[in-house]
Chemist: 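This is the structure, below, for whatever I ask next.
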Amino acid sequence: MGGGAAGLTLAAALALQGGVGVQLFEKAHHLLPLQGDSQRRRLDPHIYDWPNPDADHERAELPLLDWRSGSAIDVRRAVLREFSEIQMAAEDRLSVRTRHLITAITPQAGRFIVSFEREADGGAREVASQEFDIVVLAIGFGIENPFALPGTDTPSYWRDAGVPGAEIAGNARPTFLVSGNGDGGLIDLIAAASSTFRHDDIVRGIAQRQGVQALRGPLLAIDAQALAAESMGQGFDFVTAYENAIGVEVENLGLVDQMRGQMRVGVQLFFSNARERTSIDQNIPLKSSRCLPLEEGLRTAGR
């Protein structure tokens with residue numbers, strides 16, 4: 001149940017093993033629906049390995065449904081292309097049921113009765129059910145609340161409209177509020193600060209910067225200290241730690257000048273985060289490498 005990346009991967013793997021019949025249910029019209037219209041969001045398979053070597057390697061290197069670094073819509077095409085090939089090879093062992101909305105899953109005598117809505121003749125919807133030996137829920141996080149702020153329509157992360165774009169209205173003081181310090185929030189913070197934004201340029205500008213590997217040791221050391229503090233129930237001010245450890249080196253590498261040169265003229269940024277600055281995050285090195293140049297560039301520009 002679920003036609004996202006996890007559902008496709010499990011369905012393909014089971015079908016290739018043989019000896020079973022697999023049915024993949026997805027409520028949307030197409031598989032991988034979230035990434036179907038996302039040119040500006042980018043997927044990089046190894047970026048969270050940074051600062052380890054080969055973090056910018058383009059191939060995901062998966063045993064099946066492999067893909068290459070690129071825009072979300074291009075990654076989707078590549079995954080669906082291979083999935084279609086597997087579906088043809090598996091013949092009747094793998095069936096895809098799009099526009100099927102699961103309404104109930106009922107255990108019965110060691111099996112499961114799955115009830116669902118589907119398209120009927122004439123465009124109507126009908127209710128049906130089917131019995132299965134095993135049901136796997138691969139439903140992910142789904143789509144964000146489109147009205148997280150009352151009365152305000154918030155585009156999904158996966159819609160290009162949700163990425164701050166170029167200023168075309170002649171606003172001399174463009175102002176942005178970014179709430180949340182997850183990966184999406186930090187990407188959008190950089191997009192809002194930039195006069196032109198290309199996700200791949202940001203990634204390569206850091207990961208392939210000459211001399212950037214000199215930051216690897218300090219970054220990993222502080223990451224280990226932060227995790228040790230967390231294991232003892234203690235806070236850790238990683239923001240100050242990273243500023244003290246690599247702030248000068250980041251500026252010497254030219255990352256601050258690079259960000260300052262790409263900055264949107266007159267931009268005013270407000271960054272809201274509900275979490276404490278002492279909280280631990282598994283992607284601290286990556287996030288710090290993204291935000292330290294931006295923070296210093298904004299600070300020197302008085303923004």
Side-chain angles (χ1 to χ4, degrees), residues 42 44-58 69 164 166 174 176 178 180-230 235-271 273 275-303:
R42 184 176 179 84
D44 293 281
H46 302 288
I47 194 60
Y48 290 120
D49 296 335
W50 197 88
N52 291 321
D54 298 327
D56 57 344
H57 186 58
E58 290 189 343
S69 172
F176 297 89
V178 178
N181 74 336
D183 299 323
L186 296 181
I187 291 170
D188 286 352
L189 183 68
I190 295 174
S194 304
S195 57
T196 57
F197 174 72
R198 285 181 55 87
H199 195 171
D200 51 336
D201 289 344
I202 297 294
V203 171
R204 293 193 182 97
I206 295 172
Q208 297 180 1
R209 191 79 172 185
Q210 185 175 1
V212 76
Q213 280 300 317
L215 304 179
R216 182 174 184 269
L219 285 171
L220 295 180
I222 293 177
D223 197 19
Q225 294 169 21
L227 293 173
E230 181 189 38
F236 187 84
D237 191 347
F238 62 83
V239 174
T240 299
Y242 276 108
E243 287 175 346
N244 291 338
I246 66 171
V248 173
E249 286 80 0
V250 164
E251 187 156 5
N252 290 339
L253 286 171
L255 291 172
V256 175
D257 289 337
Q258 173 183 312
M259 181 57 67
R260 190 183 295 120
Q262 297 174 352
M263 197 171 296
R264 192 189 299 262
V265 176
V267 67
Q268 302 292 301
L269 296 179
F270 295 86
F271 188 43
N273 174 29
R275 297 173 64 187
E276 298 290 338
R277 68 187 273 130
T278 56
S279 61
I280 308 301
D281 191 293
Q282 64 178 345
N283 297 323
I284 289 172
L286 175 67
K287 293 182 177 182
S288 296
S289 68
R290 285 175 175 170
C291 287
L292 278 177
L294 173 61
E295 181 182 350
E296 293 300 322
L298 292 170
R299 183 180 299 156
T300 56
R303 299 171 187 172

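What you see below is based on every heavy atom in this structure, not just the backbone, and it leaves out hydrogens, waters and symmetry mates.
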Chemist: For the atom pair CZ (Arg260) and CD (Glu251), what is the distance rounded to the nearest 0.5 Å?
Modeler: 6.5 Å

Chemist: Do Leu255 and Gln258 touch side chain to side chain, with heavy atoms closer than 4.5 Å?
Modeler: yes

Chemist: Are side-chain heavy atoms of Ile222 and Ile246 found at a separation under 4.5 Å?
Modeler: no

Chemist: Between Val250 and Tyr242, is any pair of side-chain heavy atoms under 4.5 Å apart?
Modeler: no

Chemist: Could you list the residues that satisfy side chain to side chain donor-acceptor pair (under 3.5 Å) with Asn252, not counting sequence neighbours?
Modeler: none

Chemist: Working to the nearest 0.5 angstrom, can you tell me the gap between Glu230 CD and Phe236 CZ?
Modeler: 11.5 Å

Chemist: Is there a side-chain contact between Gln268 and Phe176 (heavy atoms, below 4.5 Å)?
Modeler: no

Chemist: Got a sec, which residues hit side chain to side chain donor-acceptor pair (under 3.5 Å) with Glu249, two or more places apart in sequence or on another chain?
Modeler: none

Chemist: Taking only residues two or more places apart in sequence, or in another chain, which ones meet Gln213 in a side chain to side chain donor-acceptor pair (under 3.5 Å)?
Modeler: none

Chemist: Indicate yes or no: at least one non-hydrogen side-chain atom of Arg264 is less than 4.5 angstrom from one of Phe197.
Modeler: no

Chemist: Please list every donor-acceptor pair under 3.5 Å in which a side-chain atom of residues 189-196 meets a protein atom from a residue at least two apart or in another chain.
Modeler:
| from | atom 1 | to | atom 2 | distance (Å) |
| --- | --- | --- | --- | --- |
| Ser194 | OG | Ile190 | O | 2.6 |
| Ser195 | OG | Gln262 | O | 3.2 |

Chemist: Under the rule for side chain to side chain donor-acceptor pair (under 3.5 Å), what residues qualify as partners of Asp44, not counting sequence neighbours?
Modeler: Arg42, Ser69

